[in-house]
Amino acid sequence: QVQLVESGGGLVQAGGSLRLSCAANRRTFSSVTMGWWRQAPGKEREFVAAISWNGDKTQYAASVEGRFTISRDNSKNTVYLQMNNLKSDDTAVYYCNNPIRSYPSGNYNPGDFWGQGTQVTVSS
């Protein structure tokens, strides 16, 4: 059974930083695109960032571009999301996922596997 386990969430003041981690229990995830989504209270789940299997390509939502950085360590089956200059609008539950790219738009749709999520709360 595929498992994705997120960690690293917490409470932080606006302008602060957090680093999220997502560990997969299957080595097969080292060969696929991985990404992060988030869901704020009362809102739909939205795409945050994605990274190709070897890390050479990344894509970000416009709202986090320049502040968040996605990376991965395939030797540890782990994907990271470094979040800097956090804003109150970043408050959400963050989920790890295996996104699927849609063509010709190039946008990402959610894949089949989700972690349990990790709460990020940014106080203003």
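Being a predicted model, the structure only gives us computed values, none of them experimental. The first residue in the sequence is number 1, and the count goes up from there.
By the side-chain hydrogen bond (donor to acceptor under 3.5 Å, both in side chains) test, Thr91 is found to be paired with no residue, residues two or more places apart in sequence or in another chain being considered. Residues meeting the side-chain hydrogen bond (donor to acceptor under 3.5 Å, both in side chains) test with Gln59, sequence neighbours left out: Arg101. Residues meeting the side-chain hydrogen bond (donor to acceptor under 3.5 Å, both in side chains) test with Asp112, sequence neighbours left out: none. Partners of Phe29 under the ring-ring contact (aromatic ring centres under 6.0 Å, His included) rule, at least two apart in sequence or in another chain, are Phe113. Arg67 meets the salt bridge (Lys or Arg N to Asp or Glu O under 4.0 Å) test with Asp90; sequence neighbours excluded. Under the side-chain contact (heavy atoms from CB on, under 4.5 Å) criterion, Ser105 pairs with Ser102, Asn107, sequence neighbours left out. Remark: Asn109 engages no residue in a side-chain hydrogen bond (donor to acceptor under 3.5 Å, both in side chains) (not counting sequence neighbours).
Residues Gly111 and Ile100 share a closest heavy-atom pair of CA-CG1, 4.1 Å. Of all heavy-atom pairs spanning Val79 and Met34, the tightest one is CG2-CB, 3.6 Å. Nearest approach of Ser124 to Ser88, heavy atoms of both residues: CB-CB, 4.5 Å.
Annotation: side chain of Leu81 is in contact with side chain of Val48 (closest heavy-atom distance under 4.5 Å). When side chains are defined from C-beta on, Leu86 counts as touching Phe68, because their heavy atoms get closer than 4.5 Å. Between Ile70 and Arg72, every side-chain heavy-atom pair lies at or beyond the 4.5 Å cut-off.
For residues 41-59, the salt bridge (charged side-chain N to carboxylate O under 4.0 Å, His left out) pairs, not counting sequence neighbours, are Arg38-Glu46. A disulfide bond (SG atoms under 2.5 Å apart) check over residues 27-83, counting only residues at least two apart or in different chains, returns nothing.
Between the side chains of Ser63 and Glu65, not a single donor N or O lies within less than 3.5 Å of an accepting N or O.
Rounding to the nearest 0.5 Å places OH of Tyr94 at 5.0 Å from CE of Met83. A distance of 12.0 Å separates CD1 of Ile51 from CH2 of Trp36, quoted to the nearest 0.5 Å.
The other residues sharing a hydrophobic cluster with Phe47 are Trp37, Val93, Tyr95, Tyr108, Trp114, where clustering joins ILVMFWY side chains under 4.5 Å apart. Grouping Ile, Leu, Val, Met, Phe, Trp and Tyr by side-chain contacts under 4.5 Å, direct or through others, leaves Val5 on its own.
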Show me the donor-acceptor pairs, under 3.5 Å and distance only, between side chains in residues 7-26 and residues at least two apart or in other chains.
from	atom 1	to	atom 2	distance (Å)
Ser17	OG	Asn84	OD1	2.9
Asn25	OD1	Gln3	N	2.8
Asn25	ND2	Gln1	O	2.8

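The backbone N or O of Lys76 sits less than 3.5 Å from a side-chain atom of Thr78, completing a donor-acceptor pair. A donor-acceptor distance shorter than 3.5 angstrom exists from the side chain of Gln116 to the backbone of Glu6, with no hydrogens or angles considered.
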